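Single-structure report; data block below.
This one's a predicted model, so the numbers in the text were calculated from it and none came from an experiment. Positions are given from 1 along the sequence. Note: hydrogens, waters and symmetry copies are ignored here, and every other heavy atom, side chains too, is used. Just follow the structure's listing: the first ligand is 1, and inside any ligand the first atom is 1.
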Amino acid sequence: MKVFVLNSGSSSIKFQIIETNTQKTLMKGLCERIGHENSIYTVTNVEKDLKDKNVPVYFHDHEEAIKKVLSLITDERIGVLKDYSEIDAIGHRVVHGGEYFKDSAVITDEVLKDIESVSHLAPLHNPANIKGINVCKRLMPDKANVAVFDTSFHQTLEEEKYIYALKYEDYEKYQIRKYGFHGTSVRYIVKKLDKIDSSLKNIIVCHLGNGASITAVKDGKSFDTTMGFTPLAGLPMGTRSGDIDPSILEYLSNVKEFNEKEMLNYLNKECGMKGLCGSSDNRDILSLIDKGNKNAKLALNVFCNKIASYIGSYYVELGGLDAIIFTGGIGENSPETREYVCDRLKAIGVKLDKGHNFMRTNDDVLLTDRDSKVKVYRIRTNEELMIALDVERLVL
Ligand code: ADP
């Protein structure tokens, strides 16, 4: 089955064409700065290894960008399909499914209404996701559309894990609770790990990218996770603060004279690794550390310390631990970060094999010594493939 996977953001869209039989990406691309004068696109035909990078084209809106994508998919030189009727179905990344969606869903009018009704929980994301869905429905009315939610995997959390100790009525009235994100990635990892070793029942998935979260998984189900009501909670990230004392907000608004919007912008875009050392990029941080930069070292220590402390806490919650998985841009590609974290996990019996940890390979690898009490793996995630496989499961 050929699936068009679409991730429609507020000013950008990412897409892939995936053949589910081979699980291969045929084509992928990105339109950026939609609605701005300097909008551009990048597109790659994976099989032919052909790439058009940062091509300037003015995209007035999402519809124009998606029309361009469809013409690129069928382009004689760089395209992969003769006609877009060859697309079998469409998979949409949707950030928030609230408490409605415990699984991905074929998009009907009712499903779309439910997605709209939880948009207030992700006002920066869901409206943009809905735009993508509506444009696809208009341009390709005969295709099935499937919504795949970042939150749905975490709907198995028990109440004691997702409830905040606020007034209970505020959960009931306003749905204030932990939702968790990165669920599509974690689900993919759980599926892949099960194929590697199906005896691993208590696992912790560290999805470490610009956005970073940790999820405890028991018997294949999400058991606890670090992101919360929004993706701002939990670990410090590239530019997000992660958990802080909530009273800091009032203090900050006084000393910096922030309004609500400025406060959220500060916490989401100016803090985390960038706030501590000036760069949000793990590669820059590592090279700054090499040059003796103390703040870069502090930033990485803060990041790794928090990761290790959540792992310790989830070890207790799960009642034991079989495996830890590193994934995401940093988790997959930064052996230094993995080592910093694992050095802090000796108390729970983690023994890293440093040779394996630094091995350059695209394969999924076991990183621990034979006598390590907890196994540690590096596994590459693929959220787009997970979306395509959900489409296949729900549409075929
Ligand atoms: P996003 O949350 O935006 O999807 P990614 O999963 O792409 O983020 O991860 C981005 C992070 O991965 C950046 O901090 C980047 O520095 C890091 N990263 C990517 N490649 C490497 C590498 N080879 N070594 C160290 N860090 C890397």
Side-chain angles (χ1 to χ4, degrees), residues 5-16 25 28-30 32 42 44 93 95 122 124-125 128-129 148 150-151 180-189 205-215 225-227 230-242 268-291 293 295-297 299-304 306-307 325-342 357-365 367 378-387:
V5 175
L6 187 68
N7 181 351
S8 172
S10 56
S11 65
S12 71
I13 57 166
K14 287 187 196 153
F15 77 94
Q16 291 199 11
T25 296
K28 60 183 176 185
L30 165 70
E32 292 172 279
T42 295
T44 308
R93 178 200 180 201
V95 167
L124 296 179
H125 297 104
N129 305 150
V148 179
D150 287 9
T151 51
F181 298 85
H182 283 147
T184 310
S185 167
V186 180
R187 208 149 49 86
Y188 181 74
I189 296 295
V205 180
C206 305
H207 179 113
L208 311 176
N210 282 318
S213 71
I214 299 185
T215 300
T225 191
T226 58
M227 283 179 170
T230 73
L232 184 54
L235 298 172
M237 312 177 204
T239 61
R240 293 186 191 130
S241 64
N268 276 297
K269 306 252 169 78
E270 300 295 331
C271 293
M273 303 299 102
K274 183 179 172 193
L276 288 173
C277 74
S279 176
S280 63
D281 192 295
N282 186 267
R283 284 163 292 200
D284 291 347
I285 293 170
L286 293 172
S287 80
L288 285 168
I289 293 173
D290 276 348
K291 291 179 191 135
N293 184 305
N295 274 41
K297 181 92 193 224
L300 194 62
N301 277 335
V302 169
F303 185 53
C304 296
K306 262 289 180 207
I307 296 169
I325 294 90
F326 286 99
T327 192
I330 299 171
E332 291 169 22
N333 302 307
S334 178
E336 295 85 352
T337 305
R338 294 194 299 256
E339 188 176 323
Y340 269 53
V341 173
C342 290
N357 185 38
F358 275 87
M359 197 159 65
R360 284 189 177 274
T361 167
N362 272 331
D363 295 339
D364 300 328
V365 260
L367 305 174
R378 197 246 7 221
I379 299 183
R380 292 205 185 276
T381 193
N382 191 339
E383 287 162 281
E384 291 78 11
L385 177 57
M386 191 70 249
I387 292 175

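- The backbone N or O of Gly331 lies less than 3.5 Å from a partner atom in the side chain of Arg338, making a donor-acceptor pair.
- At the top of the distance list for atom 3 (O) of ligand 1, counting protein heavy atoms only, stands Asn210 ND2, 3.1 Å.
- In this structure, Ser8 contributes its side chain and Ile13 its backbone to no donor-acceptor pair below 3.5 Å.
- Closest protein heavy atom to atom 7 (O) of ligand 1: Gly329 CA, 4.4 Å.
- Between the side chain of Thr239 and the main chain of Gly272, no donor-acceptor pair closer than 3.5 Å is present.
- Listed for the Asn357 side chain is a donor-acceptor partner under 3.5 Å among the backbone atoms of Pro335.
- For atom 26 (N) of ligand 1, the nearest non-hydrogen atom of the protein is Asn282 OD1, 3.4 Å.
- For atom 24 (N) of ligand 1, a protein heavy-atom neighbour is present inside the 4.0 Å cut-off.
- In terms of polar-atom proximity, Ser334 is not counted as a contact of ligand 1, lacking any N or O under 3.5 Å from an N or O of the ligand.
- Although no hydrogens or angles enter the test, the distance criterion places a donor-acceptor pair under 3.5 Å between the side chain of Thr327 and the main chain of Ile379.
- Checked by distance only, ligand 1 and His207 stay at 3.5 Å or farther apart across all their nitrogen or oxygen atoms.
- Using a distance-only test at 3.5 Å, with no hydrogens or angles considered, a donor-acceptor pair links the side chain of Asp364 to the main chain of Arg380.
- Residue Leu286 has no nitrogen or oxygen atom sitting less than 3.5 Å from a nitrogen or oxygen atom of ligand 1, judged on distance alone.
- Looking at Ile330, Asn333, Asp281 and measuring to atom 21 (C) of ligand 1, the nearest heavy atom belongs to Asn333.
- Of the N and O atoms on the side chains of Glu383 and Thr184, not one donor lies less than 3.5 Å from an acceptor on the other residue.
- Contact analysis puts Gly211 in contact with ligand 1, with a non-hydrogen atom separation below 4.0 angstrom.
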